[in-house]
Amino acid sequence: MINVVFVASEAAPFAKTGGLADVAGSLPKAMQGKDVSVKVFMPLHAKISPIYKEQMSYVGFTSVHLGWRSQYVGVLTMKYEGVDYYFIDNEFYFKRHTLYGEGDDPERYIYFSKAVLAALKMMGEKPDIIHTNDWHTAPINILLDYYKRHDDFYKDIKTVFTIHNLRYQGVCDPYVLGDLMNLPFEYFDEERLKFYESINILKGGIVFSDHVTTVSESYAHEITTPYFGENLEGVINKYKDKLSGIVNGIDYDVYAPATDPNIPVNYDLRSIGRKKEIKAHLQVKFGLPVDENIPMLAIISRLADMKGLDLIAHILEELLSLDVQLVVLGTGEQRYEDMFKYFHYRYPNKLASRIYFDQQESHAIYAGSDLFIMPSLFEPCGLSQLIALRYGTIPVVRQIGGLRDTVMPYNKYTGEGNGFGFMNYNAHELLFTIKDALSYYHDHDTWKQIVKQAMKANHGWEKSSKAYLDVYAKVLGK
Ligand code: GLC
């Protein structure tokens with residue numbers, strides 16, 4: 001039995017801002033079994049619903065030092081879908097409205113990382129592996145390097161570090177080393193944490209973990225190049241022997257067109273015609289003309305540059321001049337929120353802008369639309385295209401990162417494929433690819449075939465959770 005402690009800054013359903021939470025909320029459940037026992041640690045964020053807080057029980061407390069200051073560490077726990085979740089309680093750091101974006105983020109997550117290590121000792125829980133995710137938990141990998149040599153409790157623990165997004169790195173002032181991490185200044189070194197004149201926590205995660213994974217094979221390769229490497233391609237190349245890509249899955253119990261309670265009509269491979277009923281339902285709800293023959297395009301996304309929204313901005317007018325309807329769900333950068341609101345006002349028969357996020361509504365849009373648009377600038381894995389495929393909504397993607405690994409462009413000669421793709425980060429390439437997809441839309445048999453192929457793609461966790469278990473075994477020399 002391998003004991004794994006999985007650490008993340010967010011996990012669904014407790015607290016979620018992005019895909020990391022979905023992975024932290026579904027991968028542990030998929031791995032849990034006879035060979036592995038997984039415990040998940042995350043902060044007790046203020047926004048965790050009281051429904052869950054009421055179910056938590058108190059484990060104990062300890063404290064950690066940040067510089068000369070001592071900080072309280074409370075530990076709460078609850079079981080969720082067969083997995084034990086542990087929550088680090090400290091109101092000073094986590095009684096905030098947002099998970100990130102606070103001036104003291106490095107301090108908050110260094111605290112959290114220290115707190116997890118201290119909590120394990122307090123609980124007498126010595127895992128075989130600590131699996132950290134993104135820079136927020138990478139201080140654990142760095143601290144362990146030091147603790148291992150100074151405290152027998154931590155001596156044999158191995159680490160796996162997963163990069164979900166290389167863009168956020170936790171770059172901070174070197175004073176953090178002594179004042180928050182209580183580490184000697186030797187760590188301010190090119191071979192360790194030094195990054196220009198700062199320290200880079202994510203770099204430390206790469207340097208000090210036994211194995212590094214990222215969330216698709218293509219992204220694992222891409223980040224060795226300057227275009228995708230976010231200035232860390234040098235370090236990544238140096239350690240590429242311990243780097244591998246494991247594509248994310250989604251929870252097939254939650255995203256299940258045949259049983260999903262969030263959609264007005266359920267369907268499966270034999271009844272894909274019913275998608276049209278859901279489309280009609282959406283058209284009524286969104287005040288769009290009710291017509292089953294108008295293709296409905298969907299964007300469900302954080303409205304951020306990374307998601308390729310600037311490409312959409314370039315072609316929105318042209319796109320809306322076609323015989324299509326576009327539904328947008330999500331929040332994000334002001335200029336994109338404003339853009340969609342403005343075009344909604346100008347083209348109320350074509351565009352429905354829903355500038356908020358609602359889980360239930362997202363399921364209905366995934367199910368009722370025909371095409372799902374996702375032209376990301378970079379995409380470590382991407383989960384939305386997997387959900388779209390599952391609901392038989394055909395993704396139009398830029399063929400990079402996880403999008404390239406999960407969406408197979410339709411090939412008119414062989415009839416294979418479950419989506420449409422383009423390569424260059426170019427707005428008109430996107431538009432032409434959408435037009436290409438639309439050219440098949442009215443050819444009912446072909447379209448039905450593509451929809452079926454999409455729904456048959458298998459992106460549950462089965463295969464990838466096994467790949468993680470292989471990584472654990474390898475790290476432990478088993
Ligand atoms: C980040 C990445 C996304 C990935 C998710 C989960 O949000 O941007 O591509 O799917 O993490 O790994």
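Predicted model only: the values in this text are computed from it and were never measured. Numbering of ligands and ligand atoms starts at 1, following listing order.
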ring-ring contact (aromatic ring centres under 6.0 Å, His included) partner of Tyr86, chosen from Tyr80, Phe112, Phe41: Phe41
Plane angle bin for His136 and Tyr109 - parallel if under 30°, tilted between 30 and 60°, otherwise perpendicular: perpendicular
Residue selection (non-hydrogen contact nearest atom 6 (C) of ligand 1) among Asn248, Val215, Ile163: Asn248
Proximity of Phe6 and Tyr468 rings by center, below 6.0 Å: no
Ring-face cation of Arg108 near Tyr93 (centre distance under 6.0 Å, axis angle within 45°): no
Under-4.0 Å heavy-atom contact with ligand 1, by part of Val23 that carries it: side chain
Heavy-atom nearest neighbour in the protein, as seen from atom 8 (O) of ligand 1, with distance rounded to 0.1 Å: Met306 CE, 3.3 Å
Heavy atom of the protein closest to atom 3 (C) of ligand 1 (residue, atom name, distance): Glu379 OE2, 3.4 Å
Heavy atom of the protein closest to atom 7 (O) of ligand 1 (residue, atom name, distance): Gly19 N, 3.8 Å
Parallel, tilted or perpendicular, as decided by the 30° and 60° cut-offs, for the rings of Tyr366 and Tyr255: perpendicular
Heavy-atom pair with the smallest gap, counting every atom of Met31 and Ser465: CG-CB, 3.9 Å
Location of contacts on Asp22 toward ligand 1, heavy atoms closer than 4.0 Å: neither
Proximal atoms of ligand 1 relative to Pro380 (non-hydrogen, under 4.0 Å): 2 (C), 8 (O), 9 (O)
Heavy-atom nearest neighbour in the protein, as seen from atom 11 (O) of ligand 1, with distance rounded to 0.1 Å: His164 CB, 3.3 Å
Distance under 6.0 Å and angle within 45° of ring axis: Arg390 vs Tyr252: yes
Heavy atom of Gly382, distance to ligand 1 below 4.0 Å: yes
